[in-house]
Trainee: 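Below you will find the structure I want to go over with you.
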Amino acid sequence: MHDAPDPRLTDFVHLRDVELRKSLEAEHGLFIAEGEKVIRRAVAAGYPVRSVLLTRRWVDSLADVLAGLGDRVHVVDDDVMEEITGFPVHRGALASMERRVLPSVAEILAGPPRGGGRTAEADPVRAQVAAEPGRAQAAAEPVRAEEAAAGEGRDGGARTTGERSAPGRVLVLEDLVDHGNVGAIFRCAAALGVEAVILSPRCADPLYRRSVKVSMGAVFAIPYARMADWYDGLAELRAAGFLTLALTPDQAAAPLDGVEMPERVALLLGSEGDGLSSRWLHEADLPVCIPMSPAAMGLGVDSLNVVAAAAIACHGLMRRDR
């Protein structure tokens, strides 16, 4: 396969080459949204469109998004799109979007500034994710310049949402490296009402194309930040008044559904293979588990995959004993 014939299409080249895409997207401060629904959710969340690559059958359905983009819209045949991207794009439309500066952990934990932007209930992306987890049709909502301005930059994170208070329920991901898993967990967290996600330094990028695709745009619905320091990363959460719960398959840990939930709780999820590091297990306030069936455990089924565990744990995390 040769390089894209048009330099304007560089954003879309070799989308399955992970290392190339990491380098290219970091250099140019972009990410790729795939499919009409995800593109609409990215636009609704206020991310500026750099360019769009799509096949002819998607032009009419995306006409409102394409309006005003001029020569940043590239309409091609299916075989040309496959040649540029390196795989068959079944959803037929790709948008290159500008990233924004990622907020710090302290900024996320403090919550959005008062009076800036919309309330959480009015956020169109979170509302779509929570109310339409399946194949529901997403509708774009125009975003005024003053709404999009809060928190703008180049490296992700959801726009601040006005009168929403500082988060009381936070998910913390340690070293999850699979982009699909990260996207799926964001979808669980957003749909169940978790208010923020904190990533360890080595976690996969939530705005990588597969993360965005698997999340169905939920990565735009929930604020997130990346720790600068893994070793002492939990100290900032404790200083902000969070009870830190370390999710473990160890059935000797406290059952999550029996833990009293104070005002601020952070739930820690570990990597796909090894789970949480020994340091974070030791540093957390309390290890917790999802109770497993004794019969299943007797047959050797002793854990859940990280996405299933995240979904159950997020549901338990949102129980409020206030």
Side-chain angles (χ1 to χ4, degrees), residues 31 45-47 99-123 125-126 129-130 147-176 182-183 185-208 211-212 215 217-245 261-269 280 283-285 310 313-314 317-318 320:
F31 70 92
Y47 289 94
R99 291 185 180 236
R100 299 199 295 256
V101 171
L102 197 63
S104 69
V105 172
E107 290 170 331
I108 289 293
L109 298 183
R114 291 182 61 82
R118 289 173 285 194
T119 63
E121 290 77 10
D123 186 293
V125 182
R126 182 182 282 274
V129 172
E147 293 177 319
E152 284 189 2
R154 287 188 49 180
D155 199 22
R159 185 179 60 258
T160 56
T161 53
E163 299 305 318
R164 186 177 61 199
S165 61
R169 295 293 184 266
V170 172
L171 200 60
V172 186
L173 307 184
E174 183 190 31
D175 294 356
L176 274 78
V182 169
I185 290 171
F186 264 78
R187 189 175 184 184
C188 294
L192 292 170
V194 173
E195 294 151 310
V197 176
I198 305 298
L199 309 173
S200 75
R202 293 190 296 187
C203 265
D205 177 14
L207 292 187
Y208 187 76
S211 299
V212 175
S215 80
V219 294
F220 312 134
I222 183 166
Y224 69 91
R226 189 178 294 273
M227 292 176 173
D229 176 25
W230 162 82
Y231 190 80
D232 292 319
L234 300 186
E236 195 164 9
L237 288 159
R238 288 196 298 271
F242 281 87
L243 173 73
T244 53
L245 304 179
M261 297 288 179
E263 187 72 18
R264 307 196 90 183
V265 185
L267 181 70
L268 317 180
L269 288 177
W280 276 27
E283 289 288 314
D285 294 311
C314 285
L317 180 65
M318 296 312 296
R320 303 211 178 227

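These numbers come from the heavy atoms of this one structure, side chains and all, not from hydrogens, waters or symmetry mates.
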Trainee: When you measure from the side chain of S211 to the backbone of D205, do you find a donor-acceptor pair of N or O atoms at a distance under 3.5 Å?
Mentor: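 Here the side-chain-to-backbone pair exists.
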Trainee: Anything under 30° is parallel, anything over 60° is perpendicular, the rest tilted; go ahead and classify Y224 against F186.
Mentor: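 It falls in the perpendicular class, over 60°.
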Trainee: Atom CG of L317 and atom SG of C188: how far apart are they, to the nearest 0.5 Å?
Mentor: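 SG of C188 is found 12.5 Å from CG of L317.
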Trainee: Kindly compute the distance separating CD1 (I198) from CG (L109), expressed to the nearest 0.5 Å.
Mentor: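 Atom-to-atom, I198:CD1 and L109:CG are 5.0 Å apart.
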Trainee: Taking all heavy atoms of P206 and all of V219, pick out the closest pair and write down the distance.
Mentor: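 Nearest heavy atoms, P206 then V219: O-CG1, 3.5 Å.
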Trainee: Check for a donor-acceptor pair, side chain of R202 on one end and backbone N or O of E174 on the other, with a separation under 3.5 Å.
Mentor: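 Not a single qualifying donor-acceptor pair exists.
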Trainee: What distance do I185 atom CD1 and I222 atom CD1 have between them, rounded to the nearest 0.5 Å?
Mentor: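 Reported value, rounded in 0.5 Å steps: 11.5 Å.
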Trainee: Taking C-beta and beyond as the side chain, do L234 and F242 meet within less than 4.5 Å on heavy atoms?
Mentor: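 Side-chain contact under 4.5 Å: no.
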Trainee: Measure from the side-chain N and O atoms of R226 to the backbone N and O of L102, and report whether any donor-acceptor pair falls under 3.5 Å.
Mentor: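 No; judged by distance alone, with no hydrogens or angles, the pair does not exist.
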Trainee: How far does SG of C314 sit from CG of L171, to the nearest 0.5 angstrom?
Mentor: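 Reported value, rounded in 0.5 Å steps: 4.5 Å.
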Trainee: Locate the shortest heavy-atom distance separating A190 from A221; write the atom from each residue and the value.
Mentor: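 Between these two residues, the closest heavy atoms are CB-CB, 4.3 Å.
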Trainee: In the structure I gave you, are the side-chain heavy atoms of M227 and D232 within less than 4.5 Å of one another anywhere?
Mentor: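 M227 vs D232: side chains apart.
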Trainee: Does any N or O in the side chain of R238 come within less than 3.5 Å of the main-chain N or O of T244, such that one atom is a donor and the other an acceptor?
Mentor: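 Checked: no pair found.
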Trainee: Using modelled atom types only, decide if a donor and an acceptor are shared between the side chain of E195 and the backbone of G168 within a distance under 3.5 Å.
Mentor: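 Flag set: sc E195 to bb G168 pair under 3.5 Å.
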Trainee: Please round to the nearest 0.5 Å and tell me the distance separating atom CE of M261 and atom CG of L245.
Mentor: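 One finds 5.5 Å between CE of M261 and CG of L245.
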Trainee: Please state whether the rings of Y47 and F31 are parallel, tilted or perpendicular, taking 30° and 60° as the class boundaries.
Mentor: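 Correct class here is perpendicular.
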Trainee: I need the L267 CG to R169 CZ distance, nearest 0.5 Å.
Mentor: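 One finds 10.5 Å between CG of L267 and CZ of R169.
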Trainee: If you look at every heavy atom in I108 and A196, which pair is closest and at what distance?
Mentor: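 Here I108 and A196 meet closest at CG2-CB, 3.5 Å.
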